[in-house]
Amino acid sequence: MGVEIIFKIAIIGILIAIVSQVLKQVGKEEIATLTSLAGLIVVLVMIVDMISELFSTVGEMFYLF
Amino acid sequence: MVEILKIIGLALITTISVIILKQQKPEIAVIVGVAGSVLIFFYLVDMISDVFGLFETVVSKTNIDSELFIVLIKIIGIGYITEFSANICSDSGNSAIASKIILAGKLTIFLLSVPIIISLIELIVGLLQ
């Protein structure tokens, strides 16, 4: 749980942008949208895991549950 | 003291990476913003528990019953979470959803504090008779 998570997500975002640009140049439009969708899902899974940890910490710390 | 510097560094890195990602992938920029604020909260967790420890010692000294203190901490928690998500929504542009979240937070806090208000009123009525 350090800074590297932010770098990971940023790197994934930049990679997806590049890959979809390259695929658009080659002419594979549909694969470009699929790769950007796949990258988005990977990032979403990471952030959902972090948010669930946040909610459990807040709930147990503030006696909300 | 070092804690605050780490948090500021993390916040700056997050802001910069959000700006970098804004042009190509705005959705991932929002996610980086959320990740940054969640990380800052995790840095603050032990500070918050220290503050609550101090509160507890103060409450145990004065004979206020801990029920009020628990409700107070709950209200603080709800306030924090509501403000956290409302700011993220308004940052990403949809301030309508943010105001709905704030309304929901206010209602929850009000419902939590109703028993305290009732006990206060009973106390006052008792004094007046």
Side-chain angles (χ1 to χ4, degrees), chain A, chain B residues 6-7 9-53 56 66-67 69-82 84-85 88 108-109 112:
Chain A
M1 279 321 247
V3 190
E4 73 275 3
I5 290 180
I6 294 188
F7 291 143
K8 242 189 277 182
I9 297 178
I11 286 166
I12 290 177
I14 292 170
L15 274 181
I16 295 165
I18 294 168
V19 165
S20 59
Q21 294 288 354
V22 166
L23 281 175
K24 282 198 179 78
Q25 299 306 336
V26 171
K28 295 269 192 295
E29 285 289 336
E30 62 284 358
I31 298 183
T33 46
L34 282 180
T35 42
S36 60
L37 203 61
L40 188 62
I41 287 169
V42 165
V43 171
L44 274 178
V45 165
M46 289 167 72
I47 199 66
V48 161
D49 166 42
M50 279 180 78
I51 286 179
S52 73
E53 199 178 331
L54 170 82
F55 281 162
S56 59
T57 315
V58 166
E60 153 254 316
M61 228 176 74
F62 291 101
Y63 309 123
L64 283 179
F65 294 143
Chain B
K6 255 197 285 186
I7 289 168
L10 179 65
L12 289 180
I13 289 169
T14 317
T15 334
I16 290 165
S17 43
V18 162
I19 289 171
I20 290 172
L21 281 167
K22 214 125 174 105
Q23 282 88 18
Q24 277 84 14
K25 290 281 172 198
E27 65 274 10
I28 296 187
V30 169
I31 290 178
V32 168
V34 172
S37 28
V38 167
L39 279 179
I40 287 178
F41 174 73
F42 282 143
Y43 278 147
L44 290 178
V45 160
D46 41 14
M47 265 197 225
I48 291 174
S49 50
D50 295 347
V51 167
F52 282 161
E56 234 147 82
S66 72
E67 172 56 33
F69 177 60
I70 298 288
V71 172
L72 179 68
I73 289 192
K74 273 188 191 169
I75 288 176
I76 292 175
I78 290 173
Y80 167 70
I81 276 290
T82 318
F84 174 88
S85 39
I88 285 175
T108 323
I109 287 176
L112 259 176

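Here is the naming used below: chain letters follow the sequence lines, and residue numbers restart at 1 for every chain.
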[X] versus chain A, heavy atoms under 4.5 Å apart: side chain, backbone, both or neither?
X: B:I73; result: both
X: B:I31; result: both
X: B:L112; result: neither

Mind running side-chain contact (heavy atoms from CB on, under 4.5 Å) on A:I14 and B:Q24 for me, showing each step along the way?
CA-CA 8 Å; A:I14 292 170; B:Q24 277 84 14; over 6 Å; no
Just how far is it from atom [atom1] of [X] to atom [atom2] of [Y], taken to the nearest 0.5 Å?
X: A:L40; Y: B:K25; atom1: CG; atom2: NZ; result: 7.5 Å
X: A:I11; Y: B:I28; atom1: CD1; atom2: CD1; result: 12.5 Å
X: A:F7; Y: B:T14; atom1: CZ; atom2: OG1; result: 8.5 Å

Close side-chain approach of A:V58 and B:F84, heavy atoms under 4.5 Å:
no
Taking C-beta and beyond as the side chain, do B:L39 and A:I6 meet within less than 4.5 Å on heavy atoms?
yes
A:L64 and B:G77: which non-hydrogen atoms are nearest, and at how many Å?
CD1-C, 4.3 Å
Heavy-atom pair with the smallest gap, counting every atom of B:A35 and A:I9:
CB-CD1, 3.9 Å
Relative to the ring of B:Y80, is the ring of A:F62 parallel (under 30°), tilted (30 to 60°) or perpendicular (over 60°)?
parallel
Hey, which residues of residues 45-54 of chain A are touching chain B, say heavy atoms under 4.5 Å apart?
A:I47, A:M50, A:I51, A:E53, A:L54
If you draw a 6.0 Å radius around NZ in A:K28, do more than 12 non-hydrogen atoms from other residues or ligands fall strictly inside?
no
